[in-house]
Number of protein chains: 2
Amino acid sequence: MPRVKCIKCLKEETVLRAGFIRGKQRFLCKECNYHFTIYKERDNDKPSRKNHATTIIDIAKAIGISVSTVSRALKDHPDISLQTKKAVKQVAADLNYHPNTLAQGLSKRETRTIGVIIPDIETYFFSSILTGIQNVASAAGYKVMISQSKESHETEVANTHAFMTNWVDGLLICHSKETKTFDHIKLHLKSGIPIVHFDRVCDELGTSKVLLDDLNGGFQVTDHLISQGCKRIVIVIGPPHLNVCIKRLEGYKKALKKNNMEFDPSLVCHTNLSIKSILENVDAIMKKDKSIDAIFSISDIGAIRTIVHLKKKGIKIPEQISVAGFGNEPMGEIIEPTLTSFNPQTYKIGETVAQLFLNHLIEGENHQPATKVVKGNLIVRSSTLRNPPD
Amino acid sequence: MPRVKCIKCLKEETVLRAGFIRGKQRFLCKECNYHFTIYKERDNDKPSRKNHATTIIDIAKAIGISVSTVSRALKDHPDISLQTKKAVKQVAADLNYHPNTLAQGLSKRETRTIGVIIPDIETYFFSSILTGIQNVASAAGYKVMISQSKESHETEVANTHAFMTNWVDGLLICHSKETKTFDHIKLHLKSGIPIVHFDRVCDELGTSKVLLDDLNGGFQVTDHLISQGCKRIVIVIGPPHLNVCIKRLEGYKKALKKNNMEFDPSLVCHTNLSIKSILENVDAIMKKDKSIDAIFSISDIGAIRTIVHLKKKGIKIPEQISVAGFGNEPMGEIIEPTLTSFNPQTYKIGETVAQLFLNHLIEGENHQPATKVVKGNLIVRSSTLRNPPD
DNA sequence: TTTTCTATCGCAAGCGATTGAAAACGACGT
DNA sequence: ACGTCGTTTTCAATCGCTTGCGATAGAAAA
């Protein structure tokens with residue numbers, strides 16, 4: 001017979017054991033027909049809430065008013081009298097009060113957080129876009145959450161879901177190279193959370209997007225090469241499902257046409273944008289076609305590695321082969337010869353992306369997806385300068 | 001007399017106007033002594049909750065059980081029967097349920113988010129550390145929130161507060177160059193939220209930290225230069241309050257001592273790590289002292305810009321001056337000559353930082369701050385190779 | 001059968017803040 | 001003194017989920 005007193009009638013005789021519950025002995029008082037368990041002695045002096053962040057409840061208690069008044073006072077709601085506001089703010093400051101973002105988010109159904117998914121944070125192109133995004137986002141009071149897909153479709157999908165089901169207020173995304181299907185995006189479109197694409201976008205989705213000046217960039221680089229006397233310009237592009245490749249190629253063609261040169265498909269190197277693939281393709285085409293006098297690599301890293309590669313083979317740049325890139329990575333002004341490249345204005349891109357998100361937010365329901373193209377500019381350096389101006 | 005029925009007694013005669021409230025007419029029923037306002041007709045058919053994310057309440061209703069059971073079932077709580085669990089999970093999947101992170105966080109008082117503050121995301125060193133952090137963090141189910149101080153103490157402080165008062169579960173920070181006081185960190189130490197420092201740490205705070213192999217790095221680079229026959233090695237360092245500088249300088253001295261060479265303070269260039277300052281200092285010292293035959297720049301970017309600068313002046317590298325850096329930035333293998341540098345293992349650093357955070361979390365109360373040094377390794381390239389091995 | 005046990009569930013109190021709507025309180029005119 | 005109002009506060013429901021603790025119906029034991 002357990003020596004336990006019933007919590008209600010305080011008798012001992014009537015108490016009998018009644019199984020276990022979550023590892024603890026449970027009792028039943030026959031008289032009261034009352035089940036109970038002996039839990040840990042609760043500290044009666046309630047020091048439990050020690051070192052606990054101050055809440056509006058604390059403020060309310062301190063002043064002796066209700067929490068709703070405190071809440072409104074802190075928000076400068078017009079209904080609250082000036083002196084109450086002053087008192088509340090004073091106490092809030094004294095108690096070092098900071099609103100609990102989670103609770104606010106739960107109530108207001110927003111997180112003031114935006115998720116950004118990029119292929120690779122270590123790539124200057126993306127990290128500088130990020131800076132642009134962060135600048136305008138944080139100016140608007142938004143926090144930025146970043147994740148990288150590392151060019152894997154799978155992790156991109158996982159990250160997308162993680163973000164979208166975690167109450168980000170918006171998603172800014174640049175797809176991985178691998179991504180060819182967009183179900184993971186479609187799935188979340190109807191949720192109403194703004195999604196903005198940039199750089200590697202998807203046209204079939206009705207989202208807002210920010211594009212580089214790809215066509216113009218391709219055009220300008222090619223036109224510049226031609227102006228330097230290049231006749232047989234190889235263009236190194238990536239997989240055809242990336243529309244940035246298509247666009248730059250288009251610009252290339254446009255420049256040829258403008259200069260009355262014929263487009264030779266054999267001068268187009270299709271690679272997967274990996275260094276290995278790029279160099280292999282370059283080698284192959286140069287072996288096959290000795291007339292080549294310029295290489296336009298769609299990416300700066302590609303161009304740079306190409307330069308290193310060609311130099312190793314004793315080829316003079318730009319005298320024998322001119323090389324140009326796209327992206328204006330910092331490395332471009334370090335390498336020798338310094339790299340001619342198209343500057344896509346990455347900061348501007350980031351800022352525009354974030355701005356588009358904010359627009360979507362304020363437009364709300366009647367938001368119309370917008371497409372913005374950020375103008376870039378050609379940076380001419382020595383890797384293509386055959387006729388140095390005097 | 002208003003033609004309005006009292007909401008309670010439904011009589012009209014007893015109702016009289018009673019002022020306005022927020023722009024709307026208010027009424028008072030004398031009989032009931034009840035104040036009320038006629039608000040917009042609430043849609044009775046309650047289609048209000050349209051396109052609203054499914055919650056455990058929906059699941060509970062669908063099955064006809066209580067929300068607590070659903071909650072437990074989803075968490076695989078042992079109290080719940082197998083079939084209930086299966087049913088719950090099935091319905092959850094059917095309804096495309098995703099837990100509301102905010103609500104979970106509010107209940108469990110955690111966000112499963114960790115904040116990272118770095119000086120500059122566009123710098124490879126930091127972005128690669130970030131990758132390391134993200135890898136282990138996301139493996140442990142934590143999201144990562146990033147902000148950059150852009151080397152400004154002020155924004156570092158602001159970001160710190162933003163993070164700490166926004167319920168991140170931990171803070172990983174590398175201080176800005178400007179940061180000399182740490183009140184913003186101290187302020188939050190007692191909150192109990194784990195803080196881990198890395199690279200630019202602060203000793204006076206009792207936090208866990210991850211350090212580069214600075215001393216050893218400084219030693220190895222210097223020792224290597226000496227082994228290549230350099231006698232007068234300039235070391236270019238940054239502001240003395242950055243202990244990474246001190247440490248690398250120590251390594252430098254240690255290597256000198258090991259090789260029985262005397263330390264010459266005039267060979268130490270104190271810069272603020274800006275390119276301008278570095279190049280000016282290099283110029284100055286080379287002008288003053290013609291015997292210099294090597295430059296050890298504490299940062300790769302510094303070393304790289306130095307190489308470019310010296311080459312422009314017609315100085316042969318490494319024949320006349322050897323140049324070595326620290327950091328193993330990707331640019332180092334592109335520049336000509338390729339740069340000898342100490343590889344600090346940035347990924348490893350990031351992983352270690354995150355790991356330390358996780359450790360702190362599981363150790364809880366009785367956590368003892370740890371200091372970890374991530375071993376690096378010397379990468380010898382041609383910028384220092386005077387006696388190429390055959 | 002009656003008395004114990006269990007295995008499962010449900011109730012309800014939070015978590016911290018927002019917000020619709022009622023209440024309290026003076027002040028004023030008549 | 002009463003009816004009217006405007007101003008300032010307070011009440012209480014919610015947001016979606018976790019969890020301490022109590023309830024209940026069969027199963028097992030007595």
Side-chain angles (χ1 to χ4, degrees), chain A residues 7 16-22 24-28 30 33-40 42 49 52-60 63-75 77-85 97-110 167, chain B residues 7 16-28 30 33-40 42 49 52-60 64-75 77-85 97-110 167:
Chain A
I7 297 186
L16 26 98
R17 261 172 301 196
F20 284 91
I21 179 155
R22 270 155 229 171
K24 284 165 213 151
Q25 179 66 63
R26 204 201 6 179
F27 303 94
L28 167 62
K30 285 184 62 177
N33 187 32
Y34 181 73
H35 284 270
F36 62 91
T37 321
I38 304 296
Y39 287 86
K40 59 184 175 299
R42 53 259 287 91
R49 293 170 75 79
H52 131 95
T54 81
T55 72
I56 54 173
I57 301 178
D58 300 321
I59 300 180
I63 310 187
I65 59 179
S66 76
V67 294
S68 38
T69 305
V70 174
S71 173
R72 292 194 167 100
L74 290 171
K75 294 269 150 44
H77 190 290
D79 271 10
I80 307 300
S81 72
L82 204 70
Q83 60 173 357
T84 310
K85 280 182 192 170
Y97 166 79
H98 291 283
N100 179 323
T101 324
L102 288 183
Q104 276 182 323
L106 190 56
S107 285
K108 310 227 304 223
R109 10 272 310 296
E110 65 167 23
W167 290 58
Chain B
I7 296 186
L16 25 98
R17 262 171 301 194
F20 284 89
I21 180 158
R22 272 161 226 166
K24 284 167 215 149
Q25 180 66 62
R26 204 201 5 180
F27 303 94
L28 166 62
K30 284 186 61 176
N33 188 32
Y34 180 73
H35 284 268
F36 62 90
T37 322
I38 305 296
Y39 286 85
K40 60 182 175 299
R42 52 263 282 93
R49 295 169 75 79
H52 129 93
T54 81
T55 72
I56 53 173
I57 302 179
D58 300 322
I59 300 180
I65 58 179
S66 77
V67 294
S68 39
T69 304
V70 174
S71 173
R72 292 192 170 103
L74 290 171
K75 294 268 151 46
H77 190 290
D79 268 12
I80 307 301
S81 73
L82 205 70
Q83 59 174 357
T84 309
K85 280 181 190 169
Y97 167 79
H98 291 283
N100 180 325
T101 325
L102 288 182
Q104 277 181 322
L106 190 55
S107 283
K108 308 228 304 224
R109 8 271 312 295
E110 66 168 23
W167 291 55

Rounded to the nearest 0.5 Å, how far does [atom2] of [Y] lie from [atom1] of [X]?
| X | Y | atom1 | atom2 | answer |
| --- | --- | --- | --- | --- |
| B:I59 | B:L74 | CD1 | CG | 5.5 Å |
| A:L102 | B:Q104 | CG | CD | 11.0 Å |
| B:K108 | B:T101 | NZ | OG1 | 11.0 Å |
| B:D58 | B:Y97 | CG | OH | 9.5 Å |
| A:L106 | A:W167 | CG | CH2 | 6.5 Å |
| A:I65 | A:R72 | CD1 | CZ | 11.5 Å |

Could you check whether [X] gets within reach of a base, just the sugar-phosphate, or nothing at all, counting any heavy atom under 4.0 Å?
| X | value |
| --- | --- |
| B:I80 | sugar-phosphate |
| B:I65 | sugar-phosphate |
| A:S81 | sugar-phosphate |

Kindly say whether, by distance alone, the side chain of [X] makes a donor-acceptor pair under 3.5 Å with the base of [N]?
| X | N | value |
| --- | --- | --- |
| B:R72 | C:dG10 | yes |
| B:S68 | C:dC11 | yes |
| B:S107 | D:dG16 | yes |

Separation of [N] [atom2] from [X] [atom1] (nearest whole Å):
| X | N | atom1 | atom2 | value |
| --- | --- | --- | --- | --- |
| A:L74 | D:dT9 | CG | C1' | 15 Å |
| A:H77 | D:dT8 | NE2 | P | 12 Å |
| B:L82 | C:dT6 | CG | P | 21 Å |
| B:L106 | C:dG14 | CG | C1' | 9 Å |
| A:I57 | C:dA13 | CD1 | P | 15 Å |
| B:D79 | D:dT24 | CG | P | 17 Å |
| A:N100 | D:dC15 | CG | P | 18 Å |

Distance below 4.0 Å between [X] side-chain N/O and [N] OP1 or OP2:
| X | N | answer |
| --- | --- | --- |
| B:K108 | D:dC17 | no |
| B:Q104 | D:dG16 | no |
| A:T84 | D:dT9 | yes |
| A:T55 | C:dG16 | no |

- [ ] Indicate whether the side chain of A:S68 and that of A:S71 have a donor and an acceptor atom separated by less than 3.5 Å.
- [x]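 The criterion, which ignores hydrogens and geometry beyond distance, is not satisfied for A:S71 and A:S68.
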Open item on the list: Which is more 5' along DNA chain C, the nucleotide nearest A:T54 or the one nearest B:V70? Just name the residue.
Closed with: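 Residue closer to the 5' terminus by nearest nucleotide: B:V70.
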Task: Axis bend over the full length of the helix from C:dT1-D:dA30 to C:dT30-D:dA1, computed from five pairs that close each end, to 10 degrees - done: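 Answer rounded to 10°: the end axes differ by 60°.
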